[in-house]
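First the structure, in the form of structure tokens, and then the observations on it.
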2 protein chains.
Amino acid sequence: MELTERKKKVLRSVVDLYIRTAEPVGSKAITELPDMKYSSATIRNEMADLTAMGYLEQPHTSAGRIPSAAGYRLYVDELMLDYRLSMDETKSITNAIEEKMQRVDKMVEKVAKLVSQATNLPAISAASRSGSACVQRFELIQAGQGSFILVLMLSGDRVVNKLIKLPLDLSESDLKLLSAVLNATMTEIPLEGFTTQLMDRVMRSAGTAASLVPVILDFTQETLKNHAATNMAVVGQSRLLGLPEYRDVDKAQRVMASIDEEALSNLPAVMQDANGTKVIVGPENVADELKDTSVVMTKFDIGDGLQGMIGVVGPTRMDYAKVTARLSYFAESLSKMFAKPETPQLPQAEKDDAEQ
Amino acid sequence: MELTERKKKVLRSVVDLYIRTAEPVGSKAITELPDMKYSSATIRNEMADLTAMGYLEQPHTSAGRIPSAAGYRLYVDELMLDYRLSMDETKSITNAIEEKMQRVDKMVEKVAKLVSQATNLPAISAASRSGSACVQRFELIQAGQGSFILVLMLSGDRVVNKLIKLPLDLSESDLKLLSAVLNATMTEIPLEGFTTQLMDRVMRSAGTAASLVPVILDFTQETLKNHAATNMAVVGQSRLLGLPEYRDVDKAQRVMASIDEEALSNLPAVMQDANGTKVIVGPENVADELKDTSVVMTKFDIGDGLQGMIGVVGPTRMDYAKVTARLSYFAESLSKMFAKPETPQLPQAEKDDAEQ
DNA sequence: GCTTAGCACTCAAGGATATGGAGTGCTAAA
DNA sequence: TTTAGCACTCCATATCCTTGAGTGCTAAGC
């Protein structure tokens, strides 16, 4: 059977209505739409065809139709009309983002919150490093009796420090020597290059400061590992409860637990290859609990080899047009923000914070 | 009417049973308890008395009794038997904590997760600084053409750094001079002491490096502000949905939203004065949405002028004995962990991580 | 005087049964 | 090719009924 223009129009209407109401859509409801100049009987025939073609489903004989996964897919790929963000929306998104986002881990959480608010759905946000980091420079500072500060400059203009306390009495020149050795031996080497031989060599050349070396290298390795790691935040799960499909508490709980844990580890991988906005319609999800939950995701660029991702989780009948529009706008604004800082001439800085 | 021993025993039994079953407790159920050697009729009389005294309530005439807020209060304050943690429990808590908690903000989240897991309830965790921080030493490092690293040592052995990029060509000695000025003028001064006069003085003495000054002081102020701030995490809200009292989705949503936002800002204040473990029984809560939700909180010490707090949120009938026991044990273990690090002779370090 | 057995009464929960209405498919006429 | 009409299906909702857990009270027992 052929998918005529009219069939497409009917399908779009069904999906639109179902997105709005969460109720099966009957033929009469369609006829009441503006510029739908056919009688309910005609629509009924079309709907019967669409059902036969697998785009619609019928919960039971005397109910209206709801879109099938294939129906949603078609809708997302071809049928849905672009949602135009209103001035208000763009403005409120830009305003929200304007606040400086200092550290990536805080930023990730903040972005998730903003997206969750804007879409009224649970949101996921992540930032991960592409490519492996390495140290570009070591610096050691005496900070009092038996305490030293180690400063690492990493690739991509990141700076990390650590306070080291060891009962050692070292002179300025001892420290100078050690940093020189470190800078000569261990810079520009990614984590994978940290061989025992290399570390031994540093150890032997370190002189009086040798006992500092294991601490320093330990920390360096851990830092490089961390900087390859992904930062992730999930926010606003409770918004799910406002939707009719999650009145079933068990389901809501399953979904929430699932996006809390599992999705966390899977999604970045999914995002890996896709570029632009990606929509995963219900049953396309790998996780069983998410079989009737959809996910929309977008990537954005943070610069410095950092890759950002934002996404929302919602019912299969979520308003894809609106959600993708908002998400894209978010991603775009974020990318722009990171690309050209507001004050090009002024410090474009790394912030660093130490605790414990 | 007098609260006899037997009445207390009955009340305790009612609360215990209700905590376990979430169902109104009838007189017969009480008689079936071990060492309850009275008939149901006697218990009925006692229960009638307890109801008259305001410790029990009756959802409707022919239902069993449930504890009133006053009943819970009495139970928590006097009646409940100490819950002894099993070896397994203490072990699993200690194990969980053993993992090094590097940064306070990550730590806060981690602790919240652990507590939430241990109690199977949503958990809140927070760390806040008591007393105000100040800078103890400034250090400036040249990091290449027009880029410098600023290292701040704060009170309490915390170290913070920032990469500054400015199109300036400064010599090592320029930087030495500037750090000397900063160290002479701006150390040991809390945020409140940052007057314009003081900042002007630094500016005038800074020589060629003067244009670095505003950037440095801006950052210093912001850092001090941040270090006074509270770190907070809420985790595991979805666990609420497993409990019968939150099958009512609307209620669950209200509560979850409320602990997400409002409680966040209120609880630290509540915790301010209380020491030891604090129990807030349902209606004692200020927020309306939490009127039938209880909160249990404990403080612990992180050292360095840092104050930690962990708490859980649950139904009024939560198992106070178990929860308080676990919470206290957590708090104790955490305090201990921060008091004496596992390897007293080895580095006790500050870790620091910089982004964007 | 306290305790207990017995009894009548109450009321929510849950199952069974009716009823209304929304929606369908099909047929036949326009 | 479209549409009006009609018989049919089946869910949702309301209503009624039954069941059983639990109560309060009274009177007998220890």
Side-chain angles (χ1 to χ4, degrees), chain A residues 1-11 13-18 20-33 35-68 71 244-245 247-249, chain B residues 1-11 13-15 17-18 20-33 35-68 71 244-245 247-248:
Chain A
M1 200 176 322
E2 211 196 340
L3 193 61
T4 62
E5 269 315 307
R6 192 171 70 185
K7 281 193 176 46
K8 285 188 187 172
K9 193 167 169 186
V10 171
L11 179 53
S13 305
V14 172
V15 179
D16 278 340
L17 274 179
Y18 186 64
R20 261 225 308 282
T21 62
E23 301 277 313
V25 180
S27 52
K28 190 144 161 271
I30 302 283
T31 59
E32 279 157 4
L33 253 38
D35 70 81
M36 189 57 84
K37 303 186 202 312
Y38 297 96
S39 77
S40 65
T42 311
I43 302 298
R44 265 201 301 283
N45 288 331
E46 295 290 47
M47 281 163 80
D49 288 352
L50 285 167
T51 308
M53 293 163 83
Y55 293 119
L56 293 180
E57 280 170 1
Q58 219 170 355
H60 58 86
T61 7
S62 71
R65 303 301 210 286
I66 62 174
S68 69
E245 29 270 287
R247 310 292 304 185
D248 176 359
V249 180
Chain B
M1 199 177 324
E2 210 195 342
L3 194 61
T4 63
E5 269 315 306
R6 191 171 70 186
K7 281 194 176 47
K8 283 187 188 171
K9 194 169 168 185
V10 171
L11 177 53
S13 306
V14 173
V15 178
L17 274 178
Y18 187 63
R20 261 224 306 285
T21 63
E23 300 280 311
V25 179
S27 51
K28 190 144 161 272
I30 301 284
T31 60
E32 278 158 5
L33 253 38
D35 69 82
M36 190 55 85
K37 303 183 202 313
Y38 298 95
S39 77
S40 66
T42 311
I43 303 298
R44 265 204 299 284
N45 288 331
E46 294 290 47
M47 282 165 80
D49 288 354
L50 285 166
T51 308
M53 294 163 81
Y55 292 118
L56 294 179
E57 280 170 1
Q58 220 170 355
H60 58 87
T61 3
S62 72
R65 303 299 212 285
I66 61 175
S68 69
E245 27 271 286
R247 311 288 309 183
D248 176 358

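Numbered from 1 within each chain, the chains take letters A, B, ... in sequence-line order.
- Put simply, OH on A:Tyr38 is 14 Å from P on D:dA4, counting in whole angstrom units.
- For the pair B:Thr42 and C:dT3, the criterion of a side-chain N or O lying under 4.0 Å from OP1 or OP2 is not met.
- The distance from atom CE of B:Met36 to atom P of C:dT3 is 13 Å, rounded to the nearest whole Å.
- Picking from D:dA4, D:dT2, C:dT3 the nucleotide with the shortest atom distance to the side chain of A:Ala41 gives D:dA4.
- What separates CG of A:Leu56 from P of C:dG23 is a distance of 15 Å, to the nearest Å.
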Collect all protein-nucleotide pairs involving nucleotides 16-22 of chain D in which both atoms are nitrogen or oxygen and the distance is under 3.5 Å.
{"from": "D:dG22", "atom 1": "O4'", "to": "B:Ser62", "atom 2": "O", "distance (Å)": "3.4"}

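- Following rounding to the nearest Å, A:Glu2 (CD) and D:dT1 (P) show an atom-to-atom distance of 12 Å.
- Side-chain contact between A:Ile66 and A:Glu23 is absent, with no heavy-atom pair separated by less than 4.5 Å.
- Protein atom CD1 of A:Ile43 is 17 Å distant from nucleotide atom C1' of C:dA22, rounded to whole Å.
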N/O donor to acceptor pairs below 3.5 angstrom from side-chain atoms of residues 40-48 of chain B, sequence neighbours left out:
{"from": "B:Ser40", "atom 1": "OG", "to": "B:Arg44", "atom 2": "NH1", "distance (Å)": "3.4"}
{"from": "B:Thr42", "atom 1": "OG1", "to": "B:Ser39", "atom 2": "OG", "distance (Å)": "3.4"}
{"from": "B:Arg44", "atom 1": "NH1", "to": "B:Ser27", "atom 2": "OG", "distance (Å)": "3.4"}
{"from": "B:Glu46", "atom 1": "OE1", "to": "B:Lys7", "atom 2": "NZ", "distance (Å)": "3.0"}
{"from": "B:Glu46", "atom 1": "OE2", "to": "B:Arg6", "atom 2": "NE", "distance (Å)": "2.6"}
{"from": "B:Glu46", "atom 1": "OE2", "to": "B:Arg6", "atom 2": "NH2", "distance (Å)": "3.1"}

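- Here C:dG25 presents its C1' atom at 15 Å from NE2 of A:His60, a figure rounded to the nearest Å.
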Check your understanding: Taking it one step at a time, do A:Leu3 and A:Leu50 satisfy side chain to side chain contact (heavy atoms under 4.5 Å, CB included)?
Key -> CA-CA 8 Å; A:Leu3 193 61; A:Leu50 285 167; 3.9 Å; yes
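- Side-chain contact check for A:Pro67 versus A:Glu57: every heavy-atom pair is 4.5 Å or farther apart.
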**Study point:** Intermediate values then yes/no, side chain to side chain contact (heavy atoms under 4.5 Å, CB included), B:Ile30 and B:Leu17
**Key:** CA-CA 8 Å; B:Ile30 301 284; B:Leu17 274 178; 4.2 Å; yes
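- Taking atom CG of A:Asn45 as the reference point, atom C1' of C:dA28 lies 13 Å away to the nearest angstrom.
- In this entry the distance linking NZ of B:Lys7 with C1' of C:dT3 reads 13 Å, nearest Å.
- In this structure A:Thr51 satisfies the side-chain hydrogen bond (donor to acceptor under 3.5 Å, both in side chains) test together with A:Arg65, sequence neighbours excluded.
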